[in-house]
Every structure is written in structure tokens, then in C-alpha cells.
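For reference, the structure discussed in these notes is given below.
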Amino acid sequence: MNVVEQIKEQLKQETAAAAVKAGLVSKEELPEVVMETPKDKEHGDFATNLAMQLAKTAKKAPKLIAEDITGAMDTSKASVEKMEIAGPGFINFFLDHSYLRQVIPAVLSSGQDYGKTDVGGKKKVQVEFVSANPTGDLHLGHARGAAVGDALSSILETAGYDVTREYYINDAGNQINNLAYSVEARYLEALGKETTMPEEGYRGADIKQFGEELAAEHGDAFVETAREERLAFFREYGLKREMEKLKQDLLDYRVEFDVWYSETSLYESGKVEEALQLLEERGEVYEADNAVWFKSTNYGDDKDRVLVKNDNTYTYLLPDIAYHQNKFERGFEKVINVWGADHHGYIPRMEAAVQALGYDKEQLDTRIIQMVNLYENGERVKMSKRTGKAVTLKDLMEEVGIDATRYFFAMRSSDTHMDFDLTLAKSESNENPVYYVQYAHARLCSIFRQAEEKGYEYDPDADLTPIASEKEYDLLKKIGEFPEAVAIAADKYAPHRMTNYAHELAAAFHSFYNAERVVDAEDAAKTQARLKLVKAAQITLQNAMALIGVQAPERM
RNA sequence: GUCCCAGUAGCUCAGUAGGAUAGAGCAACGGCCUUCUAAGCCGUAGGUCGCAGGUUCGAAUCCUGCCUGGGACACCA
């Protein structure tokens, strides 16, 4: 447990003990003491609403209860300097801040590991995200999903979960046939032959390029080939090229998957049949109208779903069920799906399926990545998948840059609609929030360069007692909250809390930087102590930025 | 028609498991660079938390109804 949490825990215990000692409540009836950090510094370092909570059982006014508690409080152990009763009955604690100096050695000794906790208890968790069909370039929505899914995974890892990042490749359905038709059409087109793009075809620039390359490489070799053979080749070719591109784009975006799971492999290994059989054995399916239905209404779905169509082929749902069964068979205790908003309607049936297979509903958690609207110069940018006119992940990385793109997407709660302001994201000015955080890091690095120039050698054993100003303590407190901030972000699956934290940490540092000098020729002891403080800030900021996939530049 | 998400400052969004005078960034206004990077800091102004009820010591947060915007509702994936 880190220093800030320790003192908070101590404070909780002392408060609880005081309430019992004052005869307000028995030890058994005592509620969990809520100790929060007030937003307003005027309200102390910590505050509790215990007196209000006890108002009912103690049958007394909260303010009087608060007086009893503060009167019975042992203030020595938790560094309490002052207590105030405020508002409707809050007890505000003002601490002797010198305890915060202990944060520094804790951070310095942990280094890159600072922020790690074991709240996850090594639990095996799978995060499936992006999983875009290999039929075209990754677009805006995928970019958001990738940023959120990757940040979430990193946060869970740091909070002590055993995380697997996984991409499900939809390489078996109709869309792959359409991919083959589309490549064929573009190939023939490139040869100047008469052809029509199928209605359901993919019109992306990437496929046009494939067609041209095939034409250039193979000439008209495929024109005379039997259609079936030709399509089989284009299908294979298109899939391979799309996957290569997908993997490269994601890698460039700094997203690395542990597992790429192929839908086709589910068929080949017989897992799809297995899943169907299992559902049959468990009495979860029935036949009607020449089709096989999954009785998902047993588990709260709106209506039952077809698994096997009357032409004897499978719906997409069945392999999806098999895939989820396989996830649990691989030992994941928790399965998190990060899905696009268009998959929103599948959640109830997938949850039903998981339960029908005998797993607990709680083991599956699906997060929806809401729509992204693009704006440029105040105008909504219209996009169309049909015509292939869409802003791709690649476009974003080139135009906006990776750091700004990832920060922008990670910054927002993922389940709300989002306006992405291209003009703002592209601007290299203070209007752009990502620079605020990066600039703090560049400044931190600059301090060390200056210290070196002035002949200061960083001393890991320097005495920390010169650390005593308000700005220093504010910064230290923020640094000390990092492990808890990660744990909360993990618990709530809320990566945007990490960007909030990074911003707050940067703010605490900027404020300190403007108020106090680190490298001071007049005071070597203070300089050495502050260099250690600044080192701790640098480590923490780097770790926070790493969690959201944003680089920490040494200069700007 | 049913279901889901959203509605908070001029704009984009937070709001810590019901708490104090609802917070940030940008935009606006006023200050701060002979000293470690002014992509920064300090301050001012800006609000009927969509609307109406309810629950209680206390509601942006929980409940009910309504309004507005977006999305989902295939034997397509």
C-alpha cells in the first residue's frame, strides 16, 4: 500500500475508533467509514461524512456527533494537525504534510513499476477489441476502439490483472466473398475490361490498389481462369493483404495484440459444431420453420435467434457463440468485449448465450464504443462507406499524429458520442490538450539538463527535509494518488480517468514549476531534494502516459 | 412501436458508488518572461445540471413520466 493510502486508512481507523469510544455506535453497527479527498482545499486534506451517516442510529444532530468524534479522536498516529466541523456535519482533517515526503523514495525505488498494484489478483482477463472485418481500411470508429481497448488493457495489467489482448478475425462470412468479388472487379477494371462492382462490394481505395497491383503483376492471366478458381485466389489474396495492412496500421498506432483469432479456425477445429451440440444437450435450442433456434428469451433477450438457417447454413451468431465458449475454455475468468456501436443489439443475445453455456453473466462484459463525428473548421465531415470515402486510421496518424489521436480518443468516456475536432487535434498550439501533458514532461527533462549544466550531480541519498512548501506537497499528493487512480480506472473500465489524472499531475507540476525554482545555485541542499521530487514526478508522468499510449518527449 | 446511449458554462467534456459554494480545457477579459522551455502560471467572468414530479437530513447522481438528439431492433456479418 502506498503512503497516501496508508495515511487514509489510518485516518479511517482512528475516526471509527473515536466514534465507538464516544459511545455513538457499537463496533458491530459501525458503517464503513467513507474518507474522501475534498475538491476544495479549504475543506482539508481528507473529509468524512461519518457524523451524517450516524445521525439516524445515534439520534443526534450531525454537528453534535461530529463534535463527539473529534473530541475522542487520537490525532497523533495519522499526522492530524487540525480538525474542523463544516457544512451539514463534515469533519475536515488537515494533516501535517511532511508525511508526503515518503512518497518520493517509494516512487524512485519502483521506477517503471510505480503505479502497479495487485487489486486484480492475477485474474485472467481477455480484452477483445477492434476486430474489424478484413475488408478495408480501419476507420475512425476503429481508431477510437483501438485507443480505448489498448489503454484499458494496459490499465488492467498495471492494476494486477493477467491481460490478453485479442483480435477476432471475421474471415469466414459473406463479407469475405464480397471481398473476393470486389478484388475481382477492381482487377478487371484495371485491365480495362467491362465489369460492375457488386452492390455489396467494398469500394475502398485499398482494394482498388490491389486490383491494379494484380493487373500489373499477373496481367490478364486470371481473365481466362474458371471463375471459381479465380475467386478463390482473389479471396485468399485479399484477405492476406488486408490482414497485413491491418496489423501494420495497428502496430504503427502502438497497439499490439497477443492473439489474432480466426473465425475460420473455429469451423476447421469443429468448435462450431461442438457449441451447437452443447446447446442442444443443454436443451437451449429447438427446431421451427426448418431452422434451428436458440431460446435466448430464456435469458432475457427480446426474441429467440436463429442459429441454423433453413438452407442448412449457419448464422453469424453460432460461430460467435463458439468463440465465446472457447474464450472461457481457455481459462479466462473475465471476458471483456469492446464493440462498435452498431453491435449494440447483440449484447443481450451474447449474454444469453454465455449463460446458456453454463457460465455466469458477470463473466462477460461488453463495452460499446459510441459513434465518432468528425469536424473540420467547424463543419461536419460527411463519410460514406459505400463510396469508400472515409477518414481512415492511417489518415489520422498522418494528419493528426499518433499522440494526439490516441490522447483525444482516450480522453473521452467511450460510451458517449464524440465529436472529433480535426482542426483542434491538428493544431500545434496550446489549444491542443495533449501538449499540456507532454510539455510538462519536456520541462521536467529540461530541469535535469540544466542541473547537469550547472554541475549538479543527482544524489539518490539526498535529504528530503527541504521539501516543505505548499506547491511541493500538492505535487507530492498527486504523485502519491497514482496507484489508486490506476486501480479506480481499472475497476470502472474507464481509461478516460487516466488522461484526467495525467492532466491533473501535469497541472500540479506546472503550478509548482512557476512558483518555485528547482536548480538554485544558492542552495545545494534544496536543489538536491527538489531534483528527487522532480524525478518522482517524471517517473509518474511517464508511467501515466504509457498507459494511454502517448509518448513522453524530452524536448518540445 | 420496443430497447440502448446521451442531454451539465458560448464550444468540447469531467463530475471520484447520494454530500459542502457543480469542475476542467478551449473561446472571452486582466495580470506574469534580464532566473530551470510563456505549448506555461495567477486571477476575473460565465450555470434553471433537458422538463415535471417523487424518495431523504441532502439529488447532476436513485425512482416515475415527458421532451430532444443519436443508435440498435434479419433465417446479413
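Computed from heavy atoms alone, side chains included, the values below leave out hydrogens, waters and symmetry copies. In this text the structure is predicted, and so the values were computed from the model without any measurement.
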Side chain of [X] only, please: which of [options] is the nearest?
{"X": "A:Tyr435", "options": "B:C41, B:C75, B:A39", "result": "B:A39"}
{"X": "A:Trp293", "options": "B:C36, B:C75, B:G40", "result": "B:C75"}
{"X": "A:Met556", "options": "B:A24, B:A39, B:C36", "result": "B:A39"}
{"X": "A:Ala86", "options": "B:G40, B:U35, B:A20", "result": "B:A20"}
{"X": "A:Asp491", "options": "B:C75, B:G25, B:A17", "result": "B:A17"}

Looking for any heavy atom pair under 4.0 Å, which part of the strands does [X] touch: base, sugar-phosphate only, or nothing?
{"X": "A:Asn92", "result": "base"}
{"X": "A:Glu452", "result": "nothing"}
{"X": "A:Asp289", "result": "base"}

Given atom [atom1] of [X] and atom [atom2] of [N], what is their separation to the nearest angstrom?
{"X": "A:Phe448", "N": "B:C36", "atom1": "CZ", "atom2": "C1'", "answer": "11 Å"}
{"X": "A:Leu54", "N": "B:U56", "atom1": "CG", "atom2": "P", "answer": "20 Å"}
{"X": "A:Glu516", "N": "B:C41", "atom1": "CD", "atom2": "C1'", "answer": "13 Å"}
{"X": "A:Ile447", "N": "B:U35", "atom1": "CD1", "atom2": "C1'", "answer": "13 Å"}
{"X": "A:Ile91", "N": "B:A20", "atom1": "CD1", "atom2": "P", "answer": "16 Å"}
{"X": "A:Glu554", "N": "B:C36", "atom1": "CD", "atom2": "C1'", "answer": "16 Å"}
{"X": "A:Phe509", "N": "B:C42", "atom1": "CZ", "atom2": "P", "answer": "13 Å"}
{"X": "A:Asn49", "N": "B:A17", "atom1": "CG", "atom2": "P", "answer": "12 Å"}

Less than 4.0 Å between a side-chain N and a carboxylate O, is that true for [Y] and [X]?
{"X": "A:Glu166", "Y": "A:Lys327", "result": "no"}
{"X": "A:Glu84", "Y": "A:Lys82", "result": "yes"}
{"X": "A:Arg367", "Y": "A:Asp365", "result": "yes"}
{"X": "A:Lys478", "Y": "A:Glu481", "result": "yes"}

What's the gap between [N] and [M] when it is taken at their [atom1] atoms, as a whole Å value?
{"N": "B:G1", "M": "B:U61", "atom1": "C1'", "result": "31 Å"}
{"N": "B:C33", "M": "B:G23", "atom1": "P", "result": "30 Å"}
{"N": "B:G58", "M": "B:G18", "atom1": "C1'", "result": "8 Å"}
{"N": "B:A22", "M": "B:U68", "atom1": "P", "result": "30 Å"}
{"N": "B:G15", "M": "B:G71", "atom1": "C1'", "result": "25 Å"}
{"N": "B:U2", "M": "B:C49", "atom1": "C1'", "result": "29 Å"}
{"N": "B:C67", "M": "B:A9", "atom1": "C1'", "result": "22 Å"}
{"N": "B:U48", "M": "B:U56", "atom1": "C1'", "result": "22 Å"}

(message) Assuming nearest nucleotide by heavy-atom distance, tell me which of A:Gln53 and A:Ala288 is located more 5' along RNA chain B.
(response) A:Gln53
(request) For A:Ala47 and for A:Asp304, locate the closest nucleotide of RNA chain B by heavy-atom distance; then report the residue assigned to the nucleotide nearer the 5' terminus. (result) A:Ala47
(message) Could you check B:C33 for me: syn (within 90° of 0) or anti?
(response) syn
Are OP1 or OP2 of [N] and a side-chain N or O of [X] less than 4.0 angstrom apart?
{"X": "A:Lys303", "N": "B:A74", "value": "yes"}
{"X": "A:Tyr513", "N": "B:U35", "value": "no"}
{"X": "A:Arg443", "N": "B:A38", "value": "yes"}
{"X": "A:Ser511", "N": "B:G40", "value": "no"}

[X] charged N/C atom sitting above [Y] aromatic ring, 6.0 Å / 45°:
{"X": "A:Lys477", "Y": "A:Phe46", "value": "yes"}
{"X": "A:Lys471", "Y": "A:Phe512", "value": "no"}
{"X": "A:Lys535", "Y": "A:Phe448", "value": "yes"}

Going by atom types alone, do [X] and [Y] pair a side-chain donor with an acceptor below 3.5 Å?
{"X": "A:Glu36", "Y": "A:Thr48", "value": "no"}
{"X": "A:Asn170", "Y": "A:Gln175", "value": "no"}
{"X": "A:Tyr407", "Y": "A:Gln438", "value": "no"}
{"X": "A:Glu472", "Y": "A:Ser469", "value": "yes"}
{"X": "A:Ser413", "Y": "A:Asp415", "value": "yes"}

(request) Check whether the aromatic ring of A:His43 stacks on the base of B:A20, taking stacking as ring centres less than 5.5 Å apart and planes within 30° of each other. (result) yes
(message) Check for me: is A:Phe90 stacked on B:G19 by the 5.5 Å centroid and 30° plane-angle rule?
(response) no
(request) Give the B/S/- string for nucleotides 3-16 of chain B, one per nucleotide from 5' to 3', where a protein heavy atom under 4.0 Å of the base yields B, of only the sugar-phosphate yields S, and otherwise -. (result) -BBS-----SSSSB
(request) Using a 4.0 Å heavy-atom cut-off, write out nucleotides 26-34 of chain B from 5' to 3' as B (base contacted by protein), S (sugar-phosphate only) or - (no contact). (result) SS-------
(request) Convert the base pairs of RNA chain B into dot-bracket notation, remembering that pairs crossing earlier ones are written with [ ] and that bases paired across to another strand are shown as |; include only Watson-Crick or G-U pairs under 3.5 Å. (result) (((((((..((((.....[...)))).(((((.......))))).....(((((..]....))))))))))))....
(request) Determine the sole option in A:Asn92, A:Leu64, A:Thr70 for which the side chain to side chain contact (heavy atoms under 4.5 Å, CB included) test with A:Ile85 is passed. (result) A:Thr70
(message) Can you classify the ring geometry of A:Trp339 versus A:His324 as parallel (below 30°), tilted (30 to 60°) or perpendicular (above 60°)?
(response) perpendicular
(message) Under the ring pair (Phe, Tyr, Trp, His ring centres under 6.0 Å) test against A:Tyr168, which residue among A:Tyr323, A:Tyr316, A:Trp260, A:Phe129 passes?
(response) A:Tyr323
